[in-house]
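Here the structure is laid out as structure tokens; the discussion comes afterwards.
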Amino acid sequence: MRYGIFSDIHANHDALEAVLRAIDKEKVDCLVCLGDTVGYGAQPNECCDIVRRITRYTILGNHDAAVAGRMDYSYYYDAAREALDLHAGQLTPENMAWLRKLNYFEKDGMTHFCHGSPVDLEEFEYIFSVEQAQTCIPIWESLGQITFIGHSHLCKSFAVGKERVYEVVTKEFEIHPEFRYIVSVGSVGQPRDHDPRASYTIYDEGQGLFQFKRVDYDVNAAARKIFGDQRLSDSFGARLFAGV
């Protein structure tokens with residue numbers, strides 16, 4: 001099985017379209033979205049329409065859960081909370097119903113998918129450091145051979161042993177059976193690693209080969225849509241240019 005995996009679109013339709021064009025050239029067998037289709041950006045319905053049509057699995061992200069009324073987000077900072085309120089009012093009934101049914105976790109054999117840490121799925125904890133990945137050691141036996149996550153908007157990967165965790169620092173690597181892997185796939189619509197290009201990943205299960213990928217998209221167009229909506233914070237558009 002050859003997977004095209006992406007996450008954290010955050011209503012950035014321009015970035016999503018660029019990623020899907022790039023993945024189309026990769027000849028994958030199925031597409032997986034690891035959550036947060038909504039939040040921050042200007043086109044939540046357009047993104048939901050596409051993702052729910054094309055993916056084999058879509059995971060519930062924290063922004064999806066907030067918009068769908070499945071979690072308390074009153075403690076989010078004002079601009080993020082206001083964007084979620086806005087999207088909750090904008091989504092079509094079909095897209096809202098879809099978000100309300102998404103699962104926190106999916107698996108395809110030993111390939112697992114969730115939004116945040118697999119330790120406690122509903123808490124949406126981050127994993128972007130060795131210390132955070134170490135929290136998975138106690139559940140090593142129940143981990144997939146590889147678990148794909150989003151949430152941090154960072155491209156990070158960790159090899160989890162039974163006693164120790166190692167960060168994998170290459171953009172492409174082969175899976176070794178003595179480890180379990182946690183891979184944070186970055187963000188389509190709001191990267192935060194100082195690279196404004198949209199992120200996606202390819203995993204060839206048969207070859208045991210994983211790859212991080214990036215693709216340029218029209219950042220100006222995506223930002224203008226945010227700037228043009230007075231109900232969204234301009235900061236959501238400005239940060240796209242710097243990838244933060």
Side-chain angles (χ1 to χ4, degrees), residues 3-13 15-16 19-20 30-41 43-76 80-81 83-109 111-128 132 135-136 139 142-144 146-154 156 182-192 199-201 203:
Y3 299 90
I5 308 163
F6 53 90
S7 189
D8 294 274
I9 300 160
H10 284 298
N12 186 335
H13 182 258
L16 176 60
V19 162
L20 294 179
C30 73
L31 297 172
V32 179
C33 175
L34 301 179
D36 278 1
T37 304
V38 300
Y40 297 129
Q43 295 182 279
N45 275 307
E46 290 86 345
C47 293
C48 286
D49 287 342
I50 292 172
V51 172
R52 68 187 179 93
R53 185 180 74 248
I54 66 172
T55 57
R56 175 175 293 183
Y57 305 115
T58 298
I59 300 301
L60 181 76
N62 56 303
H63 285 250
D64 306 321
V67 166
R70 298 175 63 177
M71 65 172 281
D72 173 32
Y73 61 99
S74 61
Y75 59 93
Y76 282 24
R81 189 176 64 252
L84 292 169
D85 291 341
L86 175 64
H87 287 185
Q90 288 179 325
L91 287 184
T92 64
E94 294 79 9
N95 286 331
M96 182 62 82
W98 174 66
L99 291 182
R100 288 174 174 161
K101 293 179 180 178
L102 293 180
N103 293 326
Y104 290 93
F105 173 81
E106 297 281 1
K107 67 178 180 178
D108 201 352
T111 302
H112 294 184
F113 310 101
C114 48
H115 186 65
S117 169
V119 174
D120 192 342
L121 296 169
E122 296 187 25
E123 291 299 315
F124 298 113
E125 297 291 347
Y126 290 100
I127 295 182
F128 55 81
Q132 291 165 328
T135 63
C136 296
I139 64 166
S142 64
L143 289 173
I146 187 166
T147 300
F148 292 100
I149 65 173
H151 196 33
S152 72
H153 299 209
L154 301 174
K156 295 279 188 174
I182 305 290
V183 178
S184 174
V185 303
S187 172
V188 170
Q190 197 186 87
R192 293 180 183 168
S199 299
Y200 69 98
T201 61
Y203 176 53

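When reading the values below, keep in mind they use all heavy atoms of this one structure, side chains included, and skip hydrogens, waters and symmetry mates. All residue numbers refer to positions in the sequence shown, counting from 1.
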Working to the nearest 0.5 Å, report the span between SG of Cys33 and CG of Leu60.
10.5 Å
With sequence neighbours left out, the residues meeting ring pair (Phe, Tyr, Trp, His ring centres under 6.0 Å) with Tyr73 are none
Could you tell me if the ring centre of Tyr57 sits under 6.0 Å from that of Phe148?
no
Under 3.5 Å, is there a donor-acceptor pair between the side chain of His87 and the main chain of Gly39?
yes
State the CG-SG distance between Leu143 and Cys136, to the nearest 0.5 angstrom.
5.5 Å
Sequence neighbours left out, what passes ring pair (Phe, Tyr, Trp, His ring centres under 6.0 Å) with His151? Give chain and number order.
His115, Tyr126
If you round to the nearest 0.5 Å, how far is CG of Leu91 from CG of Leu86?
9.5 Å
Looking at Asp8, is its backbone amide N or carbonyl O close enough to the side chain of Ser187 to form a donor-acceptor pair, meaning the two atoms are under 3.5 Å apart?
yes
Got Leu16 and Val51 here, is their nearest side-chain heavy-atom distance under 4.5 Å?
yes
Would you please name every residue forming a side-chain hydrogen bond (donor to acceptor under 3.5 Å, both in side chains) with Thr58, sequence neighbours left out?
Thr55
Which pairs with one or both residues in residues 43-60 pass salt bridge (charged side-chain N to carboxylate O under 4.0 Å, His left out), sequence neighbours excluded?
Asp49-Arg52, Arg56-Asp108
Between His10 and His153, does the ring centre distance come in under 6.0 Å?
yes
Partner set under ring pair (Phe, Tyr, Trp, His ring centres under 6.0 Å) for His112, not counting sequence neighbours:
Phe105
Can you pull out every salt bridge (charged side-chain N to carboxylate O under 4.0 Å, His left out) where at least one residue sits in residues 62-72? Sequence neighbours excluded, please.
none
When you compare the side chain of Ile59 with that of Leu102, does any pair of heavy atoms fall below 4.5 Å?
no
